[in-house]
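Step one of this worksheet: look at the structure below.
If you read the sequence from its start, that first residue is 1, and numbering goes on from there. As a basis for the values below, the full set of heavy atoms in this structure was taken, side chains included, without hydrogen atoms, waters or symmetry mates.
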Amino acid sequence: MCLAVPMQIDEISGLEARCSAKGVSRTVSLFMIQDRELTIGDWVLVHVGYAIQAITEKEARESWELFDQMLED
């Protein structure tokens, strides 16, 4: 099963970003969505180290709520 995780951008340097979620921070490639204008504070879906889609904060929070519910069950 493949899963993309919502993460928030903390820093951007070229085509790399430092992103975080739930207290975890990772370096993420922005190569696949380089056509998007991203800024610090934006949310992206991250899959195997690559940001694959920009999402809204609402979408990120809804995704995390769903993940949390699945982990509780």
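Separation of atoms CD (E65) and CD (Q69) is listed at 7.0 Å; rounding is to 0.5 Å. S63 contributes atom OG, which lies 5.5 Å from atom CD1 of I55 (distance to the nearest 0.5 angstrom). Of the inter-residue distances, the one linking H47 atom NE2 with S29 atom OG reads 13.0 Å to the nearest 0.5 angstrom.
For the salt bridge (charged side-chain N to carboxylate O under 4.0 Å, His left out) test, no residue two or more places apart in sequence or in another chain qualifies with E11. Under the side-chain contact (heavy atoms from CB on, under 4.5 Å) criterion, E16 pairs with T27, not counting sequence neighbours. For the salt bridge (charged side-chain N to carboxylate O under 4.0 Å, His left out) test, residues two or more places apart in sequence or in another chain that qualify with R61 are E57. Residues passing the salt bridge (charged side-chain N to carboxylate O under 4.0 Å, His left out) test with D35: none are found, sequence neighbours excluded. Listed by chain and number, the residues in a side-chain hydrogen bond (donor to acceptor under 3.5 Å, both in side chains) with E59 are T56 (sequence neighbours excluded).
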(message) Let's go through D68 and K22 carefully: what are the C-alpha distance in whole Å and the side-chain angles of both, what is the deciding distance for side-chain contact (heavy atoms from CB on, under 4.5 Å) to 0.1 Å, and is it a yes or a no?
(response) CA-CA 11 Å; D68 289 343; K22 300 274 187 176; 2.9 Å; yes

(request) Assess whether side-chain contact (heavy atoms from CB on, under 4.5 Å) is satisfied between I40 and D10, documenting all intermediate values. (result) CA-CA 5 Å; I40 293 171; D10 297 325; 5.6 Å; no

(request) Output, in order, the C-alpha distance, side-chain angles, deciding distance and verdict of side-chain contact (heavy atoms from CB on, under 4.5 Å) for C19 and Q8. (result) CA-CA 5 Å; C19 298; Q8 189 171 29; over 6 Å; no

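No side-chain heavy atom of I33 sits less than 4.5 Å from a side-chain heavy atom of I52.
Between M32 and A51, the shortest heavy-atom contact is CB-O, 3.6 Å. Contact detail for A54 and L38: the closest heavy-atom pair is CB-CD2, 4.0 Å. Closest of all the heavy-atom pairs between T39 and D42 is N-OD2, 2.8 Å. Of all the heavy atoms in P6 and L45, the pair that sits closest is N-CD2, 3.8 Å. Residues S25 and R18 come closest through the heavy atom pair OG-NE, 2.9 Å. Nearest heavy-atom pair, L30 versus G14, reported as atom, atom and distance to 0.1 Å: CD1-O, 4.3 Å.
Pairs passing the ring-ring contact (aromatic ring centres under 6.0 Å, His included) check and including a residue from residues 49-72, sequence neighbours excluded, read W64-F67.
In this structure, M70 is a member of the same hydrophobic cluster as V46, with clusters built from ILVMFWY side-chain heavy atoms closer than 4.5 Å. Under the 4.5 Å side-chain contact rule for hydrophobic residues, L3 and V28 share a cluster.
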